[in-house]
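As the structure is a computational prediction, the values presented were derived from the model and not from experiment.
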Amino acid sequence: MATSAPSKDRNLLAVIGDEDTITGLLLAGIGQVTPDQKKNFFVVEAKTEAHVIEGVFGEFTKREDIAILLINQYVAEKIRPTVDKYQQAFPALLEIPSKDHPYDPSKDSILKRVRKLFGE
């Protein structure tokens, strides 16, 4: 079971997103493939089914080496109930825009929690 406690071993970013987002972040240097072929990124295509995305999301949130999980907001919408249930501090979950899908603050799970906390 994954712990939400910070750890010196949490030093990776993980990304679930479209090809353009993944390519850009890989070019920036975030990519890693372990000797047993575990990657810290997952490319979502139009035909990728929600249960596959949920599986990858679950795998990334359980890994002890991931500090931050970035997910394209439109991809998060495909698995919104799972994203909204995620409450752990680590890895931190951040929804990001993609080239073809602009960021919508009203759909962001973290901003929804902040608004609820402040009674908005």
Heavy atoms, side chains only, cut-off 4.5 Å: are [X] and [Y] in contact?
{"X": "Leu69", "Y": "Leu94", "answer": "no"}
{"X": "Val75", "Y": "Asp18", "answer": "no"}
{"X": "Ile71", "Y": "Leu93", "answer": "yes"}
{"X": "Ile16", "Y": "Leu70", "answer": "no"}

Handout entry: Side-chain donor-acceptor contact under 3.5 Å, Ser98 with Asn72
Key = no

Problem - Verify same cluster id: Leu12, Val43 (apolar side-chain graph, 4.5 Å) - result: no

Exercise for the section: Answer yes or no: is there a donor N or O on one side and an acceptor on the other, between the side chain of Arg10 and the main chain of Asp65, under 3.5 Å? Expected result: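 A pair under 3.5 Å: no.
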
Practice task
Please confirm whether Phe57 and Tyr86 have ring centers closer than 6.0 angstrom.
Solution key: yes

Completion exercise
For Phe41, the ring pair (Phe, Tyr, Trp, His ring centres under 6.0 Å) test, sequence neighbours excluded, returns none

N/O donor-acceptor pairs under 3.5 Å from side chains in residues 76-84, not counting sequence neighbours:
{"from": "Glu77", "atom 1": "OE2", "to": "Arg80", "atom 2": "NE", "distance (Å)": "3.0"}
{"from": "Glu77", "atom 1": "OE2", "to": "Arg80", "atom 2": "NH2", "distance (Å)": "2.7"}
{"from": "Arg80", "atom 1": "NH1", "to": "Glu95", "atom 2": "OE2", "distance (Å)": "2.8"}
{"from": "Arg80", "atom 1": "NH1", "to": "Lys107", "atom 2": "O", "distance (Å)": "3.4"}
{"from": "Arg80", "atom 1": "NH2", "to": "Glu95", "atom 2": "OE1", "distance (Å)": "3.1"}
{"from": "Arg80", "atom 1": "NH2", "to": "Lys107", "atom 2": "O", "distance (Å)": "3.0"}
{"from": "Thr82", "atom 1": "OG1", "to": "Glu54", "atom 2": "OE2", "distance (Å)": "3.0"}

Using atom types as modelled, flag every donor-acceptor pair under 3.5 Å from a side chain in residues 22-32 to any protein atom, sequence neighbours excluded.
{"from": "Thr23", "atom 1": "OG1", "to": "Glu19", "atom 2": "O", "distance (Å)": "2.7"}

Exercise for the section: Write out all pairs satisfying ring-ring contact (aromatic ring centres under 6.0 Å, His included) with one or both partners inside residues 96-115, taking only residues at least two apart or from two chains. Expected result: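 The answer is Tyr74-His101.
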
Problem - Qualifying side-chain hydrogen bond (donor to acceptor under 3.5 Å, both in side chains) pairs, either residue in residues 38-50, two or more places apart - result: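 Applying side-chain hydrogen bond (donor to acceptor under 3.5 Å, both in side chains) to every pair that reaches into residues 38-50, excluding sequence neighbours, yields Glu49-His51.
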
Exercise for the section: Specify the closest pair of heavy atoms between Pro97 and Pro102, including all atoms of both residues, with the distance to one decimal. Expected result: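 The answer is CB-C, 4.2 Å.
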
Practice task
Return the set of residues passing side-chain hydrogen bond (donor to acceptor under 3.5 Å, both in side chains) with Asp36 (not counting sequence neighbours), or none when no residue passes.
Solution key: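 Partners of Asp36 under the side-chain hydrogen bond (donor to acceptor under 3.5 Å, both in side chains) test: Thr34.
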
